[in-house]
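A short worksheet on the structure shown next.
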Amino acid sequence: MPLLNPTRPSDGAHTDSAATMVPDRSRGERTASFDPSAFPVPHGREEEWRFTPVDRLGPFFRDKPTGAALTREESLPEGVTVSTLPVEEWRALGVPKPQDRAAAVAAAQSGGVTVVDVPAEAELTEPVRIRLSGTGSDLVRGHLLVRVGRFARATVVLEHTGTADYAEVLTVLAGDGSDVTLVTVQEWDDSAHHLAQHDAVVGRDARVRHIAVTLGGGVVRLNTNASYTGPGGSFEGLGVYFADAGQHLEHRLFVDHEAPHCRSNVEYKGALQGETARTVWVGDVLIRASAEGTDTYELNRNLLLTDGARADSVPNLEIETGEIEGAGHASATGRFDDEQLFYLQARGIPEDEARRLVVRGFFASVVARIGVPEVQEHLMAAIERELAGGVAA
């Protein structure tokens, strides 16, 4: 736990002063608000922005409407509906508040919330599919709410392609006893920028899986937060990312265990190739005093395929009660294993094919758990293309 500051910075502290750069004592103390003015424009020296190239993201922090939109395509199984909700009514649902300025501005200036409703006790045999694509550089703010009724089972696949500056707020409300899988795929063009806050609210005895697949975009920063409304809930956060030269791919997670007897498991794996490839993974887990019986674990692994690539990995675990089932975290970043490569080549496998086999094996434990065959196949094909591009370069 950070022990640098016994008190929170004063509300009147200058935004460039040292007082605003000192980490909060607890991750749960970080500012959350629907009001964009509650967050100063970041300069990159703040704890939550120190890894992010904020000098490339200025438009995301301007509190004014833009009127731009992405092209949206939908595929809805029977019984699933899509509607629009005013932002004020979305707030009244008791949804989690934005946790940084980009998310607060996106929520306030979105112009309305797109709502996907899965009725109670529905068992979808096909996933809900939403494809968002951009063709320009204008800033777009997107706002999506996925409501899944009690005891329903649903999978939602959200795809991002093309080019855009996209600020996104996504909330998943999982009813008691429901089983929800959200797969979010980022395959933007290299010129795109994407900042997002995803919130999963897990009901009593509900199960939520959030799966992030990030392969494209110049700057992608995805904040995923999980909270629980009752005991027995389970959250699983899975992620796969592959960064090439010039890409900055950043994933941050915050699992807030407040209800007792809940579980969480986080596993993210990333690969990097190219001299300026950059990834960031930050995993925060808070077990509050009321969360007795919690069982949690988080894991991050990064594979550096070329010289010059950089991966930052920061797992954090904060525990306020000793009455838990288990808690732990692990993180490792390493270079390509030459011994594995030699082993395969010694058995007659060409070097390029051997490298692909090692990388596929590295990702296999996460990809196999996605549970959507077409997404798994598409992901492995995309990884093959990434590797082929690196060899060609």
Side-chain angles (χ1 to χ4, degrees), residues 32-36 59-60 62-122 124 126-136 138-150 152 154-162 164-175 178 180-186 194-201 203 208 210 222-225 227 229:
S33 176
F34 293 115
D35 182 5
F60 286 86
R62 297 171 190 156
D63 187 10
K64 60 181 182 180
T66 66
L70 300 179
T71 300
R72 187 178 81 199
E73 300 176 6
E74 303 166 354
S75 176
L76 305 177
E78 185 177 357
V80 178
T81 61
V82 173
S83 59
T84 303
L85 196 68
V87 174
E88 294 76 13
E89 293 186 22
W90 169 78
R91 295 179 184 176
L93 295 173
V95 296
K97 298 176 181 179
Q99 297 190 8
D100 62 40
R101 183 175 178 89
V105 172
Q109 299 289 356
S110 64
V113 184
T114 300
V115 183
V116 177
D117 275 307
V118 179
E121 301 184 3
L124 304 186
E126 296 291 332
V128 177
R129 295 183 177 276
I130 301 174
R131 183 180 179 88
L132 301 173
S133 59
T135 58
D138 292 337
L139 179 65
V140 180
R141 296 190 173 102
H143 204 165
L144 180 64
L145 169 65
V146 177
R147 289 191 295 202
V148 180
R150 299 176 70 236
T155 296
V156 179
V157 179
L158 179 62
E159 300 174 280
H160 304 91
T161 60
D165 282 353
Y166 186 50
E168 179 183 46
V169 175
L170 168 62
T171 309
V172 177
L173 300 181
S178 63
V180 186
T181 297
L182 174 73
V183 184
T184 174
V185 182
Q186 287 66 242
H194 182 187
L195 302 188
Q197 176 172 319
H198 291 184
D199 292 292
V201 181
V208 175
H210 182 283
L222 178 58
N223 293 331
T224 302
N225 308 305
S227 58
T229 62

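Side chain of Glu168 to main chain of His194: no donor-acceptor pair is present (N/O by atom type, distance under 3.5 Å, no hydrogens or angles). Although no hydrogens or angles enter the test, the distance criterion places a donor-acceptor pair under 3.5 Å between the side chain of His160 and the main chain of Val185.
In plain terms, the two heavy atoms of Gly112 and His143 that are nearest each other are O-CB, 3.6 Å. Nearest heavy-atom pair across Ala103 and Val169 is O-CG2, 3.5 Å. Ala69 and Val140 get closest at one heavy-atom pair: CA-CG1, 3.7 Å. Contact detail for Arg62 and Val105: the closest heavy-atom pair is O-CG1, 3.4 Å. For the pair Ala167 and Ala106, the tightest heavy-atom approach, listed with the atom from each and the gap, is CB-CB, 3.9 Å. Residues Ala108 and Pro36 come closest through the heavy atom pair CB-CG, 4.1 Å.
For the atom pair CG (Leu139) and CZ (Phe60), the distance works out to 5.5 Å, reported to the nearest 0.5 Å. Going from atom OG of Ser133 over to atom CD of Glu159 covers 10.0 Å, rounded to the nearest 0.5 Å. If you take NE2 on His198 and OG1 on Thr171, they are separated by 9.0 Å, rounding to the nearest 0.5 Å. The OG1 atom of Thr114 sits 11.0 Å away from the CG atom of Leu170 when rounded to the nearest 0.5 Å. Atom OG1 of Thr66 and atom NZ of Lys64 lie 9.5 Å apart (nearest 0.5 Å). Residue Asn223 holds its CG atom at 7.5 Å from CD of Gln99, rounded to the nearest 0.5 Å.
Residue Arg91 qualifies as enclosed at atom CZ: its count of foreign heavy atoms under 6.0 Å is above 12.
Sorted by first and then second residue, the pairs that involve residues 94-105 and meet salt bridge (Lys or Arg N to Asp or Glu O under 4.0 Å), not counting sequence neighbours, are Asp100-Arg221.
A donor and an acceptor atom, one from each side chain of Thr184 and Gln186, are located under 3.5 Å apart.
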Between Glu74 and Val116, does the side chain to side chain contact (heavy atoms under 4.5 Å, CB included) criterion hold? Intermediate values first, please.
CA-CA 11 Å; Glu74 303 166 354; Val116 177; over 6 Å; no
What do the steps show when you test Thr229 against Val201 for side chain to side chain contact (heavy atoms under 4.5 Å, CB included), and what is the final call?
CA-CA 7 Å; Thr229 62; Val201 181; 3.4 Å; yes
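When each of Val156, Leu145, Thr181, Leu182 is checked for a side-chain contact (heavy atoms from CB on, under 4.5 Å) with Val172, only Leu182 meets the rule.
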In residues 77-90, what donor-acceptor pairs under 3.5 Å come from side-chain atoms, sequence neighbours left out?
none

